[in-house]
Enquirer: 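This structure is in structure tokens; I'll ask about it shortly.
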Amino acid sequence: MKLLELLQKCDYITDAGSITVDVKDVIYDSRKVVPGCVFVALKGYNVDGHKFIPDAVERGAKALIVEDKGHVYDGVTTVRVKNSRAVLALMSVEFFGRPAEQLTTVAVTGTKGKTTTVAMIRSILETAGIKTGTIGTLGILIGDRIYKTNNTTPESYEIQQAMRRMIDEGCKAMVIEASSLGLKRHRTDGILFDYGVFTNFSSDHIGDSEHKDMEEYLQCKGLLFKRCRHGIINIDDESAQAVIDGHTCTIESYGYSENADLVAHGDELVAKAGFIGVHFNTTGEKDLSVDVAIPGRFSVYNALAAIAVCRHFDISDEDILRGLSRVKVKGRVEVVPVPGNYTMLIDYAHNAVSMENVLSTLREYKPHRLITMFGAGGNRPKSRRYEMGEVSGRLSDLSVVTEDNSRYEDVMDIIADIRIGLDKVGGSYIVIPNRIDAIRYCIENAEDGDIIVLAGKGHEDYQEIRGVKYHMDEREIIADIIDDRSDDENPN
């Protein structure tokens with residue numbers, strides 16, 4: 001494909017060579033450069049891709065996309081642009097044949113609920129026979145295959161490539177988690193989404209390498225409503241109107257408020273051993289009686305968002321109800337089968353906000369005991385550890401403190417920080433540094449009516465220690481422990 005064709009929607013200056021050159025691929029990682037490709041130099045927070053231009057040229061790059069002057073090499077076309085990330089997105093759109101135009105596209109943004117809402121939408125659409133691919137925290141999901149990604153919202157090239165793969169495999173729709181950083185860093189540029197969804201807004205992702213303050217964080221989420229045809233918002237969230245400020249799309253709403261276009265009411269908590277969920281009714285745009293096998297009021301909000309999106313498709317109410325009743329989200333208050341009259345959940349909660357939401361919700365089910373096993377990530381702000389300790393100490397009957405991606409820190413130093421928060425609120429806790437031993441403790445000491453939450457790992461299937469990711473899937477660990485106990489109880 002000619003470089004000129006890839007750049008047709010971009011503003012640029014040609015510093016060297018000809019833009020009529022044919023290029024075989026669009027590459028932004030110099031380690032993946034192949035002869036005949038165009039290399040796009042991206043400026044990141046920690047690494048500047050311009051430093052790797054000589055290596056890219058040596059590996060056979062035929063063209064360069066740069067932001068800085070001075071990168072001129074014999075026989076290589078050099079194109080200078082204002083923002084190489086934005087250009088990468090537009091080039092990727094063209095390289096993969098504008099795949100978004102062949103799919104019904106949905107983007108979900110918000111501090112919490114993105115992964116669950118995406119899964120609910122997919123479950124409904126696939127129940128209705130509409131094959132749907134998703135992109136998000138869990139990776140790229142097409143059919144039964146999951147392709148892992150490094151970010152909730154991958155780089156633009158990966159998004160466009162995934163959509164092309166979805167089309168090739170028969171998908172008619174695509175649902176993506178549009179993180180604030182993904183929107184800020186131009187990863188979704190070049191896509192005019194059919195539907196944009198706002199779930200909620202709260203403090204998160206503030207820091208030097210993320211957002212400078214809450215105002216920027218909110219503004220970045222609001223970018224979605226300048227890049228979609230139809231916006232769907234949680235009207236109950238106090239930031240709902242601010243997030244759609246300056247929107248260019250039509251807007252509809254959902255929530256408990258009678259002012260919403262889709263209204264929830266009559267929610268009831270449903271719990272028994274091995275099952276925990278919620279029932280509610282809707283009025284307004286849809287009159288439904290809904291059951292969702294995911295606990296808590298926030299599940300009502302996520303389900304409302306999914307209904308609000310899917311009602312625009314040519315599908316039946318029965319498909320919507322079936323899709324919600326069978327949805328399961330890996331690592332999001334995911335019930336794991338265990339023998340005994342208690343409930344064990346795996347959840348991705350890994351900061352104070354997400355823990356507060358999950359544990360507050362589970363307390364509403366009035367368990368015999370609420371037991372929370374958790375750790376905290378290494379090489380992350382210490383304040384998160386104190387806050388997580390406080391939240392678990394306040395809301396759990398027992399906290400089991402353990403490891404969780406200690407990275408380059410000593411796990412006992414991390415645990416010491418967590419204990420500061422636990423001690424501050426007088427929380428009851430036990431320290432078991434090895435995560436497998438901690439899970440075994442929870443199972444062996446479970447009592448009837450307990451709800452046990454294994455927090456922090458969620459969908460992750462690894463433990464990161466000293467720069468190495470070791471395989472660790474909590475579902476496998478639980479199954480192995482149960483098998484071992486069964487063998488001990490039945491030696492013959």
Side-chain angles (χ1 to χ4, degrees), residues 106-121 136-137 152-153 175-184 193 195-206 210-211 213-225 228 230-245 247 249 251-265 267 278 280 282 290 292 294-309 324 327 329 331-333 347-362 364 387 391 458:
V106 183
V108 181
T109 197
T111 304
K112 302 180 295 292
K114 294 188 295 295
T115 302
T116 301
T117 301
V118 165
M120 287 178 170
I121 294 170
T137 303
T152 294
T153 308
V175 192
I176 185 173
E177 295 180 48
S179 69
S180 56
L181 290 173
L183 292 163
K184 173 183 178 179
F193 293 100
Y195 303 98
V197 179
F198 167 67
T199 60
N200 50 64
F201 182 77
S202 59
S203 179
D204 201 5
H205 299 296
I206 306 302
E210 297 182 295
H211 298 289
D213 52 34
M214 290 289 286
E215 182 179 359
E216 185 196 90
Y217 180 35
L218 181 63
Q219 287 175 346
C220 288
K221 291 198 174 297
L223 291 172
L224 177 59
F225 301 97
C228 70
H230 188 67
I232 298 170
I233 64 168
N234 173 5
I235 199 173
D236 295 344
D237 191 277
E238 62 182 16
S239 298
Q241 293 305 312
V243 84
I244 59 171
D245 183 41
H247 67 87
C249 59
I251 295 290
E252 70 174 275
S253 61
Y254 64 90
Y256 283 87
S257 169
E258 291 298 327
N259 295 323
D261 296 305
L262 181 67
V263 183
H265 55 87
D267 53 283
V278 64
F280 66 98
T282 68
V290 184
V292 183
I294 301 175
R297 198 180 194 202
F298 58 84
S299 291
V300 176
Y301 278 117
N302 296 336
L304 280 174
I307 295 168
V309 169
L324 289 174
V327 67
V329 188
R332 298 302 190 276
V333 282
D347 192 82
Y348 188 51
H350 59 288
N351 58 36
V353 172
S354 53
M355 283 187 72
E356 175 108 31
N357 284 318
V358 170
L359 299 184
S360 296
T361 294
L362 295 176
E364 295 179 16
E387 293 165 356
V391 169

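Sequence positions, counted from 1, serve as the residue numbers for this chain.
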Enquirer: Give a yes or no on whether the backbone of K221 and the side-chain of T109 come within a donor-acceptor separation of less than 3.5 Å.
Expert: no
Enquirer: Indicate the atoms forming the closest heavy-atom contact of F225 with G196, along with that distance.
Expert: CE2-O, 3.5 Å
Enquirer: Run through L218, N357, N200 and flag the one making a side-chain contact (heavy atoms from CB on, under 4.5 Å) with T111.
Expert: N200
Enquirer: For a quick check under 3.5 Å, do N302 and T117 share a side-chain donor-acceptor pair by atom type?
Expert: yes
Enquirer: With sequence neighbours left out, what residues match D261 under side chain to side chain contact (heavy atoms under 4.5 Å, CB included)?
Expert: E252, S253, E285
Enquirer: Output yes when a side-chain donor or acceptor of S239 lies under 3.5 Å from a complementary backbone atom of A242, and no otherwise.
Expert: no
Enquirer: If you compare all heavy atoms of L262 against all heavy atoms of A308, which two are closest, and at what distance to 0.1 Å?
Expert: CD2-N, 3.9 Å
Enquirer: Does the side chain of V108 reach to within under 4.5 Å of the side chain of I121, using non-hydrogen atoms?
Expert: yes
Enquirer: Determine the interplanar angle of the F201 and Y217 rings, folded into 0 to 90°, and report it as parallel if under 30°, tilted if 30 to 60°, perpendicular if over 60°.
Expert: tilted
Enquirer: Does a donor on one side chain sit under 3.5 Å from an acceptor on the other, for R332 and T116?
Expert: no
Enquirer: With sequence neighbours excluded, what pairs up with E387 under the salt bridge (Lys or Arg N to Asp or Glu O under 4.0 Å) test?
Expert: none
Enquirer: For T361 and G296, which heavy atoms make the closest approach, and how far apart are they?
Expert: CG2-CA, 3.0 Å
Enquirer: Starting at CD of E356, measure out to CG of L359 and round the result to the nearest 0.5 Å.
Expert: 8.0 Å
Enquirer: Hey, could you give me the CG/CG distance between L324 and L304, rounded to the nearest 0.5 Å?
Expert: 9.5 Å
Enquirer: Return yes if some donor-acceptor pair links the side-chain N/O of E177 with the main-chain N/O of T137 below 3.5 Å, else return no.
Expert: yes
Enquirer: Side-chain contact test, heavy atoms from C-beta onward, threshold under 4.5 Å: evaluate it for I233 versus Q241 and give yes or no.
Expert: yes
Enquirer: So, does K184 use its side chain to make a donor-acceptor pair with the main chain of S180 at under 3.5 Å?
Expert: no
Enquirer: Check the side chains of D236 and Y301 for a donor-acceptor pair under 3.5 angstrom, ignoring hydrogens and angles.
Expert: yes
Enquirer: Looking only at heavy atoms, what is the nearest atom pair of A240 and F198, with distance?
Expert: CA-CE2, 3.8 Å
Enquirer: Using every non-hydrogen atom in the two residues, find where L183 and L223 come nearest and quote the distance to one decimal.
Expert: O-CD1, 3.8 Å
Enquirer: Closest heavy-atom contact between A260 and I235?
Expert: CB-CG2, 3.8 Å
Enquirer: Would you give the length of the straight line joining atom CG of D237 to atom OG1 of T199, rounded to the nearest 0.5 angstrom?
Expert: 8.0 Å
Enquirer: Is there a donor-acceptor pair under 3.5 Å between the side chain of T153 and the backbone N or O of S179?
Expert: yes
Enquirer: What's the spacing between I244 CD1 and I251 CD1 if we round to 0.5 Å?
Expert: 4.5 Å
Enquirer: Looking at CZ of F193 and CD1 of I176, how far apart are the two atoms once the value is rounded to the nearest 0.5 Å?
Expert: 5.5 Å
